[in-house]
Amino acid sequence: MASAEKSLFQLVFLLLAQVHVLHFLNGHAVAPTTLTQLASEAHALLNWKNSLENHSLLHSWSLHNNSTSGRSKENSPCNWFGITCIAADTITEINLFDASLRGKLDDLNFSSFPNLITLDLSNNALHGTIPDHIATLSKLNILNLSLNQLSGPISPSLGNLSKLTIFQISKNKISGSIPREIGHLKNLITLDISTNLLTGSIPPTLGNLTTIANLMLHENTISGFIPHEIGYLENLSVMNLYTNNLTGPIPSTIGNLRNLTILSVLQNQLYGSIPEIKNLTSLTKLLLSKNNFSGHLPEQICLGRSLEAFAATGNYFTGPIPRNLRNCTMLTRVRLEYNHLNGNTSEILGYYPKLDYMDLSYNELYGELSPKWAECQNLTSLKLSNNKITGKIPLEFGMLSKLELLDLSSNNLVAEIPKELGRLFELHYLRLNDNKLFGRVPLEIGMLLKLEVLDLSMNNLSGRIPKHLGSCSKLWSLNMSRNNFHGSIPFEIGNLVFLQNLGFSQNSLIQEIPLQLGSLKRLENLNLSHNLLSGSIPSSFGEIFSLTSIDISYNNLEGPIPKTKAFQQAPLEAFTHNKALCGNASGLQPCNSISIVKGHMNKVYKLVISITLSVSGIIFLLLACIGMLFFLKQRAMHTTIELQEMRMGDVFSIWNFDGRIVYDDIIQAIENFDSKYCIGVGGYGSVYKAELSTGQVVAVKRLHPLDGGNTHDKKSFNNEMKTLTEIRHRNIVKLYGFCSHEQYMFLVYEYMERGKLAGILCRERAWELGWIKRVNIVKAVASALSYMHHDCSLPIVHRDISSNNILLDSELEACISDFGTSRLLKPNSSNWSSLAGTYGYVAPELAYTMKVTEKCDVYSFGVLAFEVLMGKHPGDLILTLHSSSTSQNILLKDVLDQRLSPPSAHTADVVISVAVVALRCIHANPQSRPNMRDVYQKLSSHRLCTLEPFQTITLCHLNDLHI
């Protein structure tokens, strides 16, 4: 368009806009100057809207009037979505938080908004740079561009926004250095430029921000020294500088910040000693972890007695723990591990009625454990490992009724394990390994029904391994290695169905390995080496597919090793110094080797007889099959039945012989699909519970009968059948077989006793799913998705992760089901697809890209994780989770399922880890979501850099949390 034509177009547009505004603004005439201003603002907004790549929520942004009265205000810019005016004559606020916007800011004419006070465009998908002309908003008080994809540097022109009180651009990709001109914003109260790619140093001009209360520069790559001018900010309350590359000492001027409540400099490269902080009497959190600080901890750390959290992990601090710490009666969390602190542990204890977490591990503390620890009645985690502590474990520790984690490992403790520890009914983790404890393991340990980890290795314990440990049904790690235990391995250990790690090595255990250990279907690491075990490895071990590491060396074992991957691929060192092990593994003799069978002719005779009978049986079966085929041919049937075995040695091994027998058994068991056996109805099929004549119970999903040639169901059937035959994971429902027949099409699965997760969450008995169970459900789904996305030959995307497609077994172990919409992600393919999934779980980008990626599953997983924590679908909460103006006051404890008691300290850590990961997963930008391998690793580690009391944690804080 030529310049003259363009000008004419704009003039006509403005005139038309004025006419419309006359109709919309209360039906009254308005001064011409006002009309021109509002029309100019409307034109600027519409022009920007047209430049956006996505603006699905801006339907109301239009000047067309469809009202018959001609006096409606419905389409006035003042009534548009996200727009606020003063006296309906000029725009003062643009708030488009989480409005699904995608595009740039370049075409938004900021000079058209001379009266704008608030501009909030956070939590969208805006990209490109922050335009220089944003500085024309001379009256702007609040600028929030956080949670976008903005890049490029911060323009020095922003220093002209002299009325700005809140400036937030966190969680973008802003690069370059912090311009010194930011120091001109003398009315600033909050500066949040965290979680970007900023480099360079902190400009000394920030010392001019005398009204600032919140300074957030964390999670960048800022380097250089902390300028001493920071000490001039007398109103500063929160200073977060963590996770940068800052170096040098903390300036002594920090001691002037009398109003400082939070100082976090963790994870930098700061060094030197800590300056005098006796004037910081308002300090509630002092976080110094993961730097290179040296010298003594600040002696006057608690003059104000308001300190709640103190962390100095991973530094080079020496000397004693400050005596002044005894005055901190408000303390809730203390982390001083990985330093060189010394002194007597009994001298650090004060009165800590609120203390719930104490970690002094990996120091040089000595002395004996004080019985006064029992006075910390709210203590949930006590870690004193890797010190030089002597003496015995006080009996009074049995009074810590809320204790969930006790780690006294790698010290010089002696005497027996006190039976009083059996009173710690909330205990999840007990580590007493690498000490000098002796005597028998008290039977009372078997009363710790919530115990998940028990490590008593590397002591001088003796007697038998207590069979009562079989009652600790939650155990997933049990290590009794390097002691003096004798007798046999209790068969009750086979009751520990959640066990993943089992270590009984370097003892004097005798007799055979109990057959019941084959029930440990989740076992990953097994070490029975350096004992006196005899006999053969139980055949039931061939069904433990989860094993990844084994060591059975230095025993008297003989016979074949199981044909699982862990045994077949183990190094020779895992089998050496045994009697006569054989099998297809490195360095072992084949089981038919002469050297193996020599001297055992009775076994040869049995083998010959067995082979003879087997051959005879095979000939008989072949004749029977020929006869059966001839018989079936004569029946003139018009249909065929195809049944296929999915797993050798499984409950349906009979299918190898005659599929029709099993088919008939299923049809008979559910009386030809009688509705009384139906346990669920889905989008394309119904599920039936079938109790077979063998006594086994299976789930049968029958597709709805085809209607009018519709092939959608058959496509889903084939898709699910193909996917589940190619993958195997303990948290993916097992497919035993299928039937493809013109009358019946059904799939046969492992039966999951507790049914759908959605069903349990919505019932009154949802209390059965305690916090640890819920965390384990989330971890199980994460594990399965990690396997599908990263460990299959081609990545598999489920596309319909929801609580209706998560099934629970009798132990509330979770499995992903319903693969009817799953997709293989092929390389060099666009992977476009029609929209699939359950409403409320579908990733938002699918609505306009229609491109399937692993990040679609990641989003659905995030929604599911929140649903598990909340006990209901998160719904509208997801729309506000990242809002600085709304979510900052939403406490995590208020979001959690109110039908359960609030999680206690250690449990709170794992619950927080799920919430943090879930927040990452539901990020509006797919590229900002983690992959499922990282998700599973983070959920498995529970490593959090937070010291805040659980009761005060907000969702806004979790969004900033570093895992």
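- Considering every non-hydrogen atom in both L735 and V748, the closest pair reads CD1-O, 3.3 Å.
- In this structure, the ring pair (Phe, Tyr, Trp, His ring centres under 6.0 Å) partners of Y688, at least two apart in sequence or on a different chain, are F673.
- Under the 3.5 Å distance criterion, the side-chain polar atoms of N805 are matched with a main-chain donor or acceptor of D800.
- Taking 4.0 Å as the cut-off between side-chain N and carboxylate O, R774 and D897 count as a salt-bridged pair.
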request  = For F746 and I670, run side-chain contact (heavy atoms from CB on, under 4.5 Å): C-alpha distance rounded to whole Å, both residues' side-chain angles, the deciding distance at 0.1 Å, then the answer.
outcome  = CA-CA 13 Å; F746 61 80; I670 56 179; over 6 Å; no
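- At distances below 3.5 Å, at least one donor-acceptor pair connects side-chain atoms of Q898 with backbone N or O atoms of L896.
- Considering L454, D455, L456 in turn, D455 is the only one that fulfils the side-chain contact (heavy atoms from CB on, under 4.5 Å) rule with R431.
- When atom types are taken as modelled, the side chain of N731 and the backbone of A784 share no donor-acceptor pair closer than 3.5 angstrom.
- Between the D857 side chain and the R799 main chain, a donor and an acceptor come within less than 3.5 Å of each other.
- Residues satisfying the salt bridge (charged side-chain N to carboxylate O under 4.0 Å, His left out) test with E444, not counting sequence neighbours, are none.
- Side-chain contact, N931 with H789: no donor N or O sits under 3.5 Å from an acceptor N or O.
- Using a distance-only test at 3.5 Å, with no hydrogens or angles considered, a donor-acceptor pair links the side chain of S913 to the main chain of V910.
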task = Assess whether side-chain contact (heavy atoms from CB on, under 4.5 Å) is satisfied between C815 and I732, documenting all intermediate values.
result = CA-CA 5 Å; C815 283; I732 295 176; 5.9 Å; no
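- For the pair H798 (side chain) and D818 (backbone), a donor-acceptor distance under 3.5 Å is present.
- With hydrogens and angles disregarded, no donor-acceptor distance shorter than 3.5 Å links the side chain of H428 to the backbone of V453.
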message = L812 vs L769, test: side-chain contact (heavy atoms from CB on, under 4.5 Å). Steps then yes/no.
response = CA-CA 8 Å; L812 297 173; L769 291 179; 3.8 Å; yes
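- In summary, R730 and E524 engage in a salt bridge, as defined by a charged side-chain N under 4.0 Å from a carboxylate O.
- Residues meeting the side-chain contact (heavy atoms from CB on, under 4.5 Å) test with S540, sequence neighbours left out: L515, P538.
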key: Steps toward side-chain contact (heavy atoms from CB on, under 4.5 Å) verdict (L517, F541)   = CA-CA 7 Å; L517 294 194; F541 272 45; 3.6 Å; yes
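- Defined by atom type and a distance below 3.5 Å, a donor-acceptor pair is present between the side-chain atoms of W476 and E452.
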